[in-house]
Number of protein chains: 2
Amino acid sequence: MEKTSTARQRREQSLTRAQIITVAIKLLDDTGESGLTFQALSKLLATGPGAIYWHVANKSDLMTAACDAIVSRTLGTTSVDVPPEEAIRAIALELFDTIDAHPWVGGALMHAPGQLPMVRIFERIGQQLRSLDVPAGREWAAVSTLLNYILGVAGQNAANAKLAKVHDLKRSSFLEDVSAAWSKLDVNEYPFTRSVVDQLASHDDRKDFVDGIDFILRGIAAEREKMVGPEGLEPPTKRL
Amino acid sequence: MEKTSTARQRREQSLTRAQIITVAIKLLDDTGESGLTFQALSKLLATGPGAIYWHVANKSDLMTAACDAIVSRTLGTTSVDVPPEEAIRAIALELFDTIDAHPWVGGALMHAPGQLPMVRIFERIGQQLRSLDVPAGREWAAVSTLLNYILGVAGQNAANAKLAKVHDLKRSSFLEDVSAAWSKLDVNEYPFTRSVVDQLASHDDRKDFVDGIDFILRGIAAEREKMVGPEGLEPPTKRL
DNA sequence: ACCTGAACACCGTTCAAGT
DNA sequence: ACCTGAACACCGTTCAAGT
């Protein structure tokens, strides 16, 4: 009944914020969002719950820090020197895969608006949009759209993972439950939903995700093309 | 120190699920997401915490039910007989305004994937997309994109409201904090973010939101136009 | 069938006391 | 400067006991 694995050391060196974050990530990965407790954390770190508060402001601070560690690691590996639209797709997909592997990151991302992890994504996408020559006045809207879409999918993934863990641990397809519930909806009130129930089981989350990114990118491009118009003259992009 | 307002009745009639949901909504509106407790709720209903569990499975069930009450009310008022793209914009805007007025709805929406409130939105958008003649194979991707984008904004609004309440109750602009933080970022690492800090204060959340919807709609339309091609022939849309 | 309310098993956070 | 760990103020949820 006792976790004999990661609980050793402590004593030779003093506790570190980085150390805490590392163990927190391990805990979150192993036991999910609800598994991160100061109790469990302090046991793994062989210390008291109070000690952690010396290095970390509170649980929310810890979550954001753990999230940022993952996000910065992910964005660090993105390839450069590809066309901007492809780069954005690559950034988005890497985020998707990361959140798929660590669903709690999705939840943490959602609950830390304006915080460092989100700014990292904002910046990366913004830079690519800038080399796409999106007019200065439309940059904000374009980045926000992409970011909010990514956050929506991220949050949904996190929620799915939590539901799957709560409902029961074995059956990976709670999709069947949803599918069954949708099939019982009134056909007159929910004609569309009823007509696409079968796609619930067959659809590919990852593919759908990129499709969404592509819709947005196409929308941004379409607006740009319309603005260049007959003269082909664009307002000079604001530098720095 | 005692809430004298809404605490009366009880006794003449038995407790109702609808009654519970109504009071829960009031509590959520007045005190935020963290204000909804079975303790506070049962006090307002003049009963014990255990009584509520006879009508409601658990807190998550209650939250989803409260969320659904708001969402169904909102979607019920949407006008009909407008072009599909405009209808989608209208649906999205009504949702935005609703979530702006009840930020907790954003959080509840995010945590109930596949649940009734989300299906309502899914269905409404899906119907409009169908009258837009989006090819059957692309409907799922198109609805998902719009829905996930809306969910992203919804979640962000909820998170902002929570942060604003926690940080301090008076100053409505925690934007200043974020703005200050962004201004301290390294210019070489965060050139884009630094160049748009001023837009943080001046931007209009609601307008940005519609802009995002428009990007996506334009993206969907652009794809459709490309597919009709020279022949102008579309595959017949699957009926029912 | 429906309500009561004490009790349970947990939370995050604090803080006097130690080193 | 940093850690200890008991204590505090809450949670959601349960359940024997009532009507």
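Lettering follows sequence order; numbering is per chain, from 1. Here the structure is a predicted model, which is why all the values come from computation and not from measurement.
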What is the distance, to the nearest angstrom, from the [atom1] atom on [X] to the [atom2] atom on [N]?
X	N	atom1	atom2	value
B:Y53	C:dT4	OH	P	16 Å
B:D61	D:dG12	CG	C1'	14 Å
A:K43	D:dC3	NZ	P	20 Å
A:K59	D:dC11	NZ	C1'	13 Å
A:L45	D:dG5	CG	C1'	15 Å
B:Q39	C:dA6	CD	P	10 Å
A:I20	D:dC3	CD1	P	8 Å

For the side chain of [X], counting heavy atoms from C-beta on, which of [options] is nearest?
X	options	answer
B:T47	D:dT4, C:dC3, C:dT4	C:dT4
A:L15	D:dC3, D:dC11, D:dT4	D:dC3
A:P49	C:dC2, D:dC3, D:dA6	D:dA6
A:N58	C:dT4, C:dT13, C:dC2	C:dT13

Side-chain N,O (B:H55) to OP1/OP2 (C:dC3) below 4.0 Å =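 For C:dC3, OP1/OP2 do have a side-chain N/O of B:H55 under 4.0 Å.
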message = Let me confirm one number: the NE2-CG distance from A:H102 to A:D97, rounded to the nearest 0.5 Å.
response =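 Rounded to the nearest 0.5 Å, the NE2-CG separation comes to 10.5 Å.
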key: Between CD on residue A:Q199 and OG1 on residue A:T193, distance to nearest 0.5 Å   =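 Reported value, rounded in 0.5 Å steps: 11.5 Å.
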message = Base, sugar-phosphate or nothing for B:I52? Non-hydrogen atoms, less than 4.0 Å.
response =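 It contacts nothing in the nucleic acid.
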ask   = Under 4.0 angstrom, heavy atoms only, what part of the nucleic acid is A:L41 near: base, sugar-phosphate, or nothing?
value =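 Answer is nothing: A:L41 stays at 4.0 Å or more from every strand.
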key: Partner nucleotide of C:dG18 by Watson-Crick or wobble geometry (both distances under 3.5 Å)   =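 D:dC2 is the nucleotide pairing with C:dG18.
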Nucleotide forming a Watson-Crick or wobble pair with D:dT13, both distances under 3.5 Å =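 Pairing partner, where one exists within any strand: C:dA7.
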Euclidean distance for [atom1], [N] against [M] (whole angstrom):
N	M	atom1	answer
C:dA16	D:dC3	C1'	13 Å
C:dC2	D:dA17	C1'	13 Å
D:dC8	C:dC11	C1'	12 Å

message = Here's a test of your reading of the structure: between B:W54 and A:F38, which maps to the more 5' nucleotide of DNA chain C?
response =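 It is B:W54, whose closest nucleotide lies nearer the 5' terminus.
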For a 4.5 angstrom cut-off between non-hydrogen side-chain atoms, does [X] reach [Y]?
X	Y	result
A:W104	A:I25	yes
B:R124	B:E94	no
A:V196	B:F122	yes

